[in-house]
K.L.:
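Supplied in structure tokens, the structure appears directly below.
Sequence positions, counted from 1, serve as the residue numbers for this chain.
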Amino acid sequence: NIYGARATSPANAADLDALAEVIRRQDPDFVTLNEVDVFTNRTGKDVHQARDLAAKLGMEWNFSKAIDRDGGEYGEGVTTRKKAVNKFSVALPKGVGAEPRVLVVMEMEDYVICTSHLDHVSSEAQLGQVELITKTMKERYGDSGKPVFLGGDMNATPSSETGKLLQKDWEILTITGFGTFPSDNPSKCIDYIMQLKGTPKCEVVGSQILRWFKSGDVTKASDHLPVMLDIKLPAKNK
């Protein structure tokens, strides 16, 4: 969750360079991004954060608007090192929540990655959003033979009602024993990466919640700590 790359204060100018530096140090194959600004007054009418961040990192991208915000758009995105074979998004129900949400998907040759940012005020709304995310990914990719990953700001801990619903169909792969929010004094784990159960199992090599960097201040890049997952994809069937 990059909070529009505005750190912890809306008065701060968007700092995509700081965010790119934090990401570049990890050299990831994919990055999921939540709370992304596109052409807003607060972060620049010529700034498309998903596109511009991907360009800084030499990555491909997909973005979808969840809502109109501050003269522009506000939503979720994914960047990938390799070229996607398919990109799409799905609007998620607002329900009794604060605002509409969206699921953003990038299908790669050998895996699928998607992201969402669940409602931040209503667990009831979260449950409806989780149900549609799971239904969509099962129907489209449950029998695809590809591992399917969901990463993002769930606004819910693994032990919450929302977390338990997620874990019926998704296996959390990232570390959950430490906080991810807020970045300056993390006390709640609400950001993670998981895999759709029933898709080809991956070997988890390691997982970290990243807090300290040799260069780049993570608290200036986001109000959430980034979560990193290192996995080994299963061998392809010959």
K.L.:
We want to know whether S89 and N62 form a side-chain donor-acceptor pair, criterion being a heavy-atom distance below 3.5 angstrom.
P.N.:
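Result is no, nothing qualifies.
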K.L.:
Hey, are D27 and R81 close enough for a salt bridge, meaning a charged N less than 4.0 Å from a carboxylate O?
P.N.:
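Salt bridge flag = yes for R81 with D27.
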K.L.:
So, E131 and K135, do they make that salt bridge, N to O below 4.0 Å?
P.N.:
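No salt bridge links E131 with K135.
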K.L.:
Which label fits H224 and F181: parallel for a plane angle under 30°, tilted from 30 to 60°, or perpendicular past 60°?
P.N.:
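If you compare the ring of H224 with that of F181, the planes turn out tilted.
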K.L.:
Are a donor atom and an acceptor atom from the side chains of Q49 and D37 found within less than 3.5 Å of each other?
P.N.:
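Result is no, nothing qualifies.
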K.L.:
Below 4.0 angstrom, N of the basic side chain to O of the carboxylate: do E161 and K164 qualify?
P.N.:
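Here E161 does not pair with K164 in a salt bridge, since their nearest N and O are not under 4.0 Å apart.
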K.L.:
For the residue pair N155 and L118, what are the closest heavy atoms and their distance?
P.N.:
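Minimum heavy-atom separation between N155 and L118: ND2-O, 2.8 Å.
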K.L.:
State whether a side-chain donor-acceptor pair under 3.5 Å links Q126 with D119.
P.N.:
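Note: Q126 and D119 side chains miss the donor-acceptor criterion.
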K.L.:
Would you call E107 and K146 a salt bridge, taking side-chain N to carboxylate O under 4.0 Å as the test?
P.N.:
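Salt bridge flag = yes for K146 with E107.
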K.L.:
Would you call K56 and D17 a salt bridge, taking side-chain N to carboxylate O under 4.0 Å as the test?
P.N.:
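Result for this pair is yes, salt bridge flagged.
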K.L.:
State whether F178 and R211 meet the cation-pi test: NZ (Lys) or CZ (Arg) under 6.0 Å from the six-membered ring centroid, and within 45° of the perpendicular axis.
P.N.:
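Judged by the rule, R211 and F178 form no cation-pi pair.
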K.L.:
Can you name the nearest heavy-atom pair linking A50 to T79, along with the distance?
P.N.:
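Distance-wise, the nearest heavy atoms are O-CG2, 4.4 Å.
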